[in-house]
Amino acid sequence: MTDRKAQLAANLEKVEARIAAACVAAGRKREEVTLIVVTKTYPAGDVRILSELGVRHVAENRDQDAAPKAAACSDLPLTWHFVGQLQTNKVRSVVGYADVVQSVDRSRLVTALSKEAVRAGREVGCLIQVALDADESGRGARGGVGPDGIEELADLVANAPGLRLGGLMTVAPLTGPYAGRQRDAFDRLMELATLVRRNHPAANMVSAGMSADLEQAVAAGATHVRVGTAVLGVRPRLG
Ligand SMILES: *Cc1c(COP(=O)(O)O)cnc(C)c1O
């Protein structure tokens, strides 16, 4: 084993132990929580190693980095998640490799994703990104739509050709009433997800929790946690 592989294996083992312990504490089955490793800023070689170590879900947040990485790893049995703020002019590229876009937060993006998914003959899973720190404009500082905008977007995705409504995603807010209250933020996301499922029963994905707060997300009921730093190491400032 290379040093890097040994390091990633050890980190994965620690993260796995954290998720398992959080599931036990919450009385949940381990299979109810999917680990997504966020590989942003790390090279395709690391993605390949993670795949060898059994990782099946990876996430990226910038198309410029993700597109070549996904191409270099197209032989691997991986599900690619896009979790970054997405401009409509990047949608065609993203639809080329992303199985799930977790950062759907406005109607123009839904229209663009649908058009490109149909064009590519692909079905793209979509999560509505919820901004629990949304201001009066209904938008969050790091993307996302405020709770009041969820229903309209969910209906739009559900009716858009080429798209499948997967559920909701959030990033624990750094500002606003939920700052520093991850568990409350994730509980709120779960309530909002329950509301979405009244009209869209199959939309059962709830993506929440990162390296620092995955336990709170599992406790709240998240189905997907997105972990970068705890697996790959501290990133250089950018990303
Ligand atoms: C980078 C990122 C993560 C992973 O964060 P870590 O703290 O490194 O685990 C999760 N979700 C999103 C949307 C991200 O951009």
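All residue numbers refer to positions in the sequence shown, counting from 1. Remember, it's a predicted structure, so these values are computed and weren't measured experimentally. When a ligand or atom number is given, it counts from 1 through the structure's own listing order.
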In terms of its nearest heavy atom to atom 2 (C) of ligand 1, the top option of Arg226, Lys40, Arg142 is Lys40
Mark up the atoms of ligand 1 that fall under 4.0 Å of a heavy atom belonging to Val227, in ascending order. 9 (O)
Before accepting this row, confirm whether a basic side-chain N of the pair Glu116/Arg122 lies closer than 4.0 Å to the acidic partner's carboxylate O. no
Between His224 and His57, how do the two ring planes meet: parallel, tilted or perpendicular, split at 30° and 60°? perpendicular
Hey, does Gly228 come in under 3.5 Å of ligand 1, counting only N/O atoms on both sides? yes
Of all the heavy-atom pairs spanning Ser207 and Arg226, show the shortest one and how long it is. OG-NH1, 2.9 Å
Tell me whether Arg4 is salt-bridged to Asp46, with the criterion being a basic N under 4.0 Å from an acidic carboxylate O. yes
Closest to atom 8 (O) of ligand 1 by heavy-atom distance, out of Asp213, Val225, Thr229, is Thr229
Would you check the N or O atoms of Arg235, main chain and side chain alike, for any that come under 3.5 Å of an N or O of ligand 1? yes
Please state which part of Val38 comes within less than 4.0 Å of ligand 1, counting heavy atoms only: side chain, backbone, both or neither. side chain
With sequence neighbours left out, what residues match Asp187 under side-chain hydrogen bond (donor to acceptor under 3.5 Å, both in side chains)? Arg183
Got a salt bridge between Glu60 and Lys40, using NZ or NE/NH1/NH2 to carboxylate O under 4.0 Å? no
Just going by heavy-atom distances, which of Met210, Gln102, His81 is nearest to atom 5 (O) of ligand 1? Met210
